[in-house]
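What follows is a set of notes on a single structure, which appears directly below.
Numbers here simply count residues along the sequence, with the first being 1.
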Amino acid sequence: MTRQHARSGSPFESSIGFSRAVRVGSTIAVSGTAPVWPDGSVDPDPAVQARRCWEIMLAALEELGGSVDDVVRTRQYVVDPADGDAVGAVHGEIFGEVRPASTMVVVAALLDPRWKVEMELDAVLDD
């Protein structure tokens, strides 16, 4: 099977050795994605952070031929349980009709202390 990669421009892609997303056959896996803007800034609002993560991930998904309708699983990592409602509401805006399997987990910390959320997704395309 052909293996395709999507890159987002993260400086860590080459130093750590990962891709924003990988497609093998009809399956696309999108890596853990943080809410970073191109200039390196991070908005402090958890809902804005969630939207930014989904924007980055859905762009990578589309680059590899997928769409929001192909998403079968999402994972959302939050640092503060109090942010769960705001982050979940954004998920509902995007996936309310698709309804993928989804997990939200509270974690002790993320790589950058400005990040309140990090997310990932898996998709399966109809080939």
Check [X] against [Y] and note the closest heavy-atom contact, atom names and distance.
X	Y	answer
Ala34	Ile56	O-CD1, 3.6 Å
Asp45	Val48	OD1-N, 2.9 Å
Ala86	Pro46	CB-CG, 4.4 Å
Val22	His5	CG2-ND1, 3.8 Å
Ser31	Ser19	OG-O, 2.7 Å
Val90	Ala47	CG2-O, 3.7 Å

Validation row: [X], [Y] side chains within 4.5 angstrom (heavy atoms):
X	Y	result
Thr27	Asp122	no
Ser102	Gln76	yes
Pro100	Val72	no
Leu121	Arg73	no
Glu55	Trp37	yes
Lys116	Val78	no
Glu120	Val30	no
Val68	Trp54	no

If you measure from the Lys or Arg side-chain nitrogens to the Asp or Glu carboxylate oxygens, is any gap between Arg51 and Glu93 under 4.0 Å? yes
For residues [X] and [Y]: do they belong to one hydrophobic cluster (side chain heavy atoms under 4.5 Å, members Ile, Leu, Val, Met, Phe, Trp, Tyr)?
X	Y	result
Val124	Val71	no
Leu61	Val98	yes
Ile94	Leu125	yes
Ile16	Leu111	no
Met119	Phe95	yes

Side-chain donor-acceptor pair present, Thr33, Arg20, cut-off under 3.5 Å: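 Judged by distance alone, the side chains do pair up.
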By salt bridge (Lys or Arg N to Asp or Glu O under 4.0 Å) - contacts of Asp112 (at least two apart): Arg114
I would like to know whether Leu110 and Val79 meet side-chain contact (heavy atoms from CB on, under 4.5 Å); could you show each step before the answer? CA-CA 7 Å; Leu110 295 168; Val79 176; 3.8 Å; yes
Could you give all pairs that pass the salt bridge (Lys or Arg N to Asp or Glu O under 4.0 Å) test and reach residues 56-72, with sequence neighbours left out? none
For Tyr77, all residues meeting ring-ring contact (aromatic ring centres under 6.0 Å, His included), sequence neighbours excluded: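 With neighbours one apart ignored, the set is empty.
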Any chance you could lay out the side-chain contact (heavy atoms from CB on, under 4.5 Å) test for Val36 and Ser41, step after step, and finish with the verdict? CA-CA 6 Å; Val36 181; Ser41 66; over 6 Å; no
